[in-house]
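Letters go in sequence order (proteins before strands), and every chain restarts at 1.
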Protein chains: 2
Amino acid sequence: MQYQQFKHCGLNVALNMLSGKWKPIILYHLFHQQEMRFTELWRIIPKVAKKVLLEHLKQMEAHELIIREEKHTFPPEVYYRLSERGKALGPALSALELWANEYAADEVTELKQRKKVTA
Amino acid sequence: MQYQQFKHCGLNVALNMLSGKWKPIILYHLFHQQEMRFTELWRIIPKVAKKVLLEHLKQMEAHELIIREEKHTFPPEVYYRLSERGKALGPALSALELWANEYAADEVTELKQRKKVTA
DNA sequence: CAGTATCCGACCGGATACTG
DNA sequence: CAGTATCCGGTCGGATACTG
């Protein structure tokens with residue numbers, strides 16, 4: 001057995017922080033854009049309800065994966081960006097991505113098809 | 001930005017296959033034990049309902065992460081083990097585990113505490 | 001032993017309307 | 001613009017009892 005070194009507790013913690021329908025795509029965009037306003041995120045992500053997006057962002061902030069920065073102006077401007085902890089997820093997410101593309105390619109392309117259709 | 005190489009679709013697929021309250025611990029044990037009977041799994045995992053455990057195993061089998069082998073005897077014996085696809089998850093899971101222990105150590109130890117108490 | 005059948009409560013994602 | 005309030009339906013984890 002080659003990969004015995006992981007214990008499930010850390011796994012639980014990590015998966016828990018990643019669970020949420022839109023969190024992967026949020027992370028994906030924050031990795032690319034560095035910093036995004038709430039509405040930017042909202043427009044880029046097809047049809048998520050504002051409430052839900054806010055909930056996810058709040059959770060991720062509570063988990064210290066992202067940082068919320070609010071300019072006290074009117075109208076308000078709020079920026080979200082990855083924390084160090086969030087950035088550190090990069091390699092792990094890449095590994096998952098790699099696995100999916102190598103070992104679950106069918107499901108991945110199927111998902112992409114569905115997104116094209118529904119989007 | 002260092003880790004732009006992942007796309008969220010593969011992530012979605014992977015996280016989807018890993019989502020389920022007991023899947024991490026199931027994987028953990030199958031990585032270590034190679035092959036386990038249903039009841040072994042059931043006893044090792046503290047208080048999961050049989051129905052739920054079966055559901056998770058079925059899903060993981062449908063996702064081709066594990067292989068179910070049934071000896072047609074009486075009483076029946078059923079063995080579960082990782083498929084190639086499942087084994088290939090090793091590095092990705094290790095990466096997540098590593099991240100959790102390095103960047104979310106507090107949450108991990110807290111979880112371990114809780115497990116001690118409730119178990 | 002392994003699996004199925006019911007039933008249930010909690011939680012989660014979502015739609016809509018409203019506020020500072 | 002960003003966020004809150006309410007309400008709703010589906011799904012998920014779970015408890016219990018039964019079957020081959």
Legend entry - Minimal non-hydrogen separation, C9(B) against L111(A), with atom names: O-CD2, 3.6 Å
Legend entry - L27(B) side chain reached by L82(B) side chain, heavy atoms, under 4.5 Å: yes
Legend entry - L53(A) CG to dT16(C) C1', straight-line distance once rounded to whole Å: 17 Å
Legend entry - Residue met sooner reading DNA chain C from 5', once K21(A) and K50(A) are mapped to nucleotides: K21(A)
Legend entry - Residue pairs fulfilling side chain to side chain donor-acceptor pair (under 3.5 Å) with at least one residue in residues 52-61 of chain B, sequence neighbours excluded: K23(B)-Q59(B)
Legend entry - Close residues, residues 74-81 of chain A, relative to DNA chain D [heavy-atom separation under 4.0 Å]: P75(A), P76(A), V78(A), Y80(A)
Legend entry - Flag if over 12 foreign heavy atoms under 6.0 Å of CZ, F38(A): yes
Legend entry - Lys/Arg-Asp/Glu bridge criterion (N-O < 4.0 Å) met for R85(A), E102(B): no
Inset, instruction - Please list residues of residues 56-66 of chain A whose heavy atoms come under 4.0 Å from any atom in DNA chain C, ordered by number; otherwise none. - result: H56(A)
Inset, instruction - Return the value, rounded to whole Å, for the distance between atom CE of M36(A) and atom P of dC1(D). - result: 14 Å
Legend entry - Dot-bracket pairing map - DNA chain C, Watson-Crick plus G-U, both contacts under 3.5 Å, | cross-strand: ||||||||||||||||||||
Identify each donor-acceptor pair in which a side-chain atom of residues 14-21 of chain B lies under 3.5 Å from a protein atom, sequence neighbours left out, and give them as a table.
from: S19(B); atom 1: OG; to: N16(B); atom 2: O; distance (Å): 3.1

Inset, instruction - May I have the distance from H72(B) (atom NE2) to dG3(C) (atom P), rounded to whole angstrom? - result: 11 Å
Distance-only donor-acceptor pairs under 3.5 Å for side chains of residues 64-72 of chain A, two or more places apart:
from: R68(A); atom 1: NH1; to: E70(A); atom 2: OE1; distance (Å): 3.1
from: R68(A); atom 1: NH2; to: E70(A); atom 2: OE1; distance (Å): 3.1
from: E69(A); atom 1: OE1; to: R81(A); atom 2: NE; distance (Å): 3.4

Legend entry - Which atom of L93(A) lies closest to which atom of F31(A), heavy atoms considered: CD1-CE1, 4.0 Å
Legend entry - Interatomic distance, N16(A) CG vs dC12(D) P [rounded to whole Å]: 16 Å
Legend entry - From dT4(D), dC1(C), dC1(D), nucleotide with atom closest to L54(A) side chain: dT4(D)
Inset, instruction - Check whether any side-chain N or O of R37(A) sits under 4.0 Å from OP1 or OP2 of dG3(D), and answer yes or no. - result: no
Legend entry - Rounded distance (Å) that lies between atom C1' of dC12(D) and atom CD of E55(B): 8 Å
Inset, instruction - State which of dG3(D), dC1(C), dC1(D) makes the closest approach to the side chain of F38(A). - result: dG3(D)
Inset, instruction - To the nearest Å, give me how far apart CD (E70(B)) and C1' (dG3(C)) are. - result: 10 Å
Legend entry - Parallel, tilted or perpendicular: ring planes of Y28(A) versus H32(A), cut at 30 and 60 degrees: tilted
Legend entry - Atom pair OG (S94(B)) and CH2 (W99(B)), whose distance is rounded to the nearest 0.5 Å: 15.0 Å
Inset, instruction - Might you point out which heavy atoms bring A95(B) and A92(A) nearest each other, and give the distance in Å? - result: CB-CA, 3.7 Å
Inset, instruction - Describe the nucleic acid contact of W22(B) in one word from base, sugar-phosphate, nothing, applying a heavy-atom distance below 4.0 Å. - result: sugar-phosphate
